[in-house]
2 protein chains.
Amino acid sequence: MFSIGELSKQAKVKIPTIRYYESIGLLAPAERTEGNQRRYTAEGLERLGFIKHARELGFSVESISSLIELQEHPDRSCYEATELAETQLRAVRAKIRQLRSLEQELARISTGCSGDDVSENCYVLSALANHNLCNKDH
Amino acid sequence: MFSIGELSKQAKVKIPTIRYYESIGLLAPAERTEGNQRRYTAEGLERLGFIKHARELGFSVESISSLIELQEHPDRSCYEATELAETQLRAVRAKIRQLRSLEQELARISTGCSGDDVSENCYVLSALANHNLCNKDH
DNA sequence: TATAATATCTCTAGCGACTAGAGGTTCAAG
DNA sequence: CTTGAACCTCTAGTCGCTAGAGATATTATA
Ligand SMILES: [Zn+2]
Ligand SMILES: [Zn+2]
Ligand SMILES: [Zn+2]
Ligand SMILES: [Zn+2]
């Protein structure tokens with residue numbers, strides 16, 4: 001049994017974040033000492049690790065909630081888990097595509113002015129004012 | 001002189017967003033009719049177009065504020081504008097790198113299970129529980 | 001001109017996923 | 001038993017909007 005501070009250190013998740021997860025029901029309410037302080041077991045650490053990892057991979061709290069549900073019922077079909085992972089993968093890929101398009105435009109805009117002119121003649125400013133100067137959608 | 005609804009249609013920016021921009025000082029307060037409704041000119045449309053385009057390229061509202069400042073002083077050096085654009089470009093590139101790393105892991109995790117097993121044996125769930133199974137940092 | 005339909009007004013609250021701070025209590029070391 | 005670090009709850013703030021309530025203004029038609 002260890003404190004929230006210990007858990008925080010072990011899992012590398014900030015204390016307020018742990019309390020937040022509990023408050024929204026992502027973590028089960030921790031046991032408490034007589035003085036009302038939270039106490040955790042290795043299981044809690046594992047749970048938090050799962051959450052942390054999934055968050056780092058970009059899953060929403062809602063998705064993680066479903067994943068944990070599944071984990072708690074080892075006999076259920078894992079169909080939903082793979083669905084969620086694939087959805088997440090698609091979302092990441094879409095985001096990458098969009099950012100790449102932004103990157104192109106920003107690179108073009110950035111190199112269009114060396115920064116030693118007056119703002120009236122600045123290509124950066126006119127490019128921002130004028131989407132027609134862009135090559136792609138974004 | 002046209003209404004906020006017209007402006008919204010022309011600029012393809014939602015009405016509450018226009019009011020929001022005004023409320024945070026990104027758009028100058030619009031002129032008003034006797035009955036207190038906002039009225040805009042072509043200049044307002046241009047301004048909003050600038051903001052919209054910059055937002056689409058990922059600039060923060062704060063950065064856009066600085067860019068507009070610059071635009072309003074055509075004689076000033078445009079150094080800050082290029083700086084902001086380059087910073088933004090770097091941020092986008094960093095984000096892309098991070099997302100690519102996520103993509104790799106997610107692709108691996110996704111293909112690890114076809115979704116027709118029970119959750120106990122699901123590779124998706126165990127991979128999420130275990131960062132050690134990952135190849136890269138993220 | 002009267003009425004009705006549509007548009008606009010302000011204000012407040014909500015989203016997601018935290019983060020920070022105030023003000024008070026409990027724990028553990030010495 | 002004292003001290004100081006760690007913990008507690010609660011509220012509010014972050015960013016960039018978005019949605020809704022309830023009131024008022026404008027516009028089009030009869
Ligand atoms: Zn320039
Ligand atoms: Zn553009
Ligand atoms: Zn599976
Ligand atoms: Zn990992």
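None of the values given here were measured: they were computed from a predicted structure. Just so it is clear: chains get the letters A, B, ... in the order the sequence lines come, proteins before strands, and each one is counted from 1.
- Around CZ of A:Phe2, the count of heavy atoms belonging to other residues, nucleotides or ligands within 6.0 Å exceeds 12.
- A close approach under 4.0 Å does not occur between any side-chain nitrogen or oxygen of A:Ser3 and OP1 or OP2 of D:dA6.
- Distance, A:Lys9 NZ to D:dA5 P: 13 Å, rounded to whole Å.
- Atom pair A:Ile15:CD1 and C:dA20:P shows a separation of 12 Å (rounding to whole Å applied).
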Using atom names, set out every protein N or O paired with an N or O of nucleotides 15-19 of chain D below 3.5 Å, distance rounded to 0.1 Å.
unit_1	atom_1	unit_2	atom_2	d
D:dG16	O3'	B:Arg55	NH2	3.4
D:dC17	OP2	B:Tyr21	OH	2.8
D:dC17	OP2	B:Arg55	NE	2.6
D:dT18	OP2	B:Thr17	OG1	2.9

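- Side chains of A:Glu80 and A:Ser66 form a contact here, defined as non-hydrogen atoms less than 4.5 Å apart.
- To the nearest angstrom, P of D:dC8 lies 11 Å from CG of A:Leu7.
- Using a cutoff of 4.0 Å between basic side-chain nitrogens and carboxylate oxygens, B:Glu72 and B:Arg47 are scored as salt-bridged.
- If you take CZ of B:Arg19 and P of C:dT12, they are 15 Å apart, rounded to a whole angstrom.
- A:His73 is not listed as a side-chain neighbour of B:Val118, based on a closest heavy-atom distance of 4.5 Å or more.
- Across the protein-nucleic acid pair, A:Ile51 atom CD1 and C:dA17 atom P stand 12 Å apart, rounded to whole Å.
- A:His53 is not listed as a side-chain neighbour of A:Phe59, based on a closest heavy-atom distance of 4.5 Å or more.
- As a whole-Å value, the separation of A:Met1 CE from D:dC7 P is 14 Å.
- In summary, of the residues considered (A:Lys95, A:Arg93, A:Arg97), a salt bridge (charged side-chain N to carboxylate O under 4.0 Å, His left out) with B:Glu103 occurs for A:Arg93 alone.
- A salt bridge is defined here as a Lys NZ or Arg NE, NH1 or NH2 lying under 4.0 Å from an Asp or Glu carboxylate O, and A:Glu22 with A:Arg19 fails to meet this definition.
- A straight line from CD1 of A:Ile18 to P of D:dT9 spans 13 Å, rounded to a whole angstrom.
- Of the residues in residues 24-44 of chain A, A:Arg32, A:Asn36, A:Gln37, A:Arg38 come within less than 4.0 Å of DNA chain D through at least one heavy atom, sorted by number.
- Counting non-hydrogen atoms of neighbouring residues, nucleotides and ligands closer than 6.0 angstrom, the CG atom of B:Asp137 reaches no more than 12 such neighbours.
- Distance CZ (A:Phe2) to C1' (D:dC7): 16 Å, rounded to an integer number of Å.
- Atom CG of B:Asn36 sits about 11.0 Å away from atom CD of B:Glu34, to the nearest 0.5 Å.
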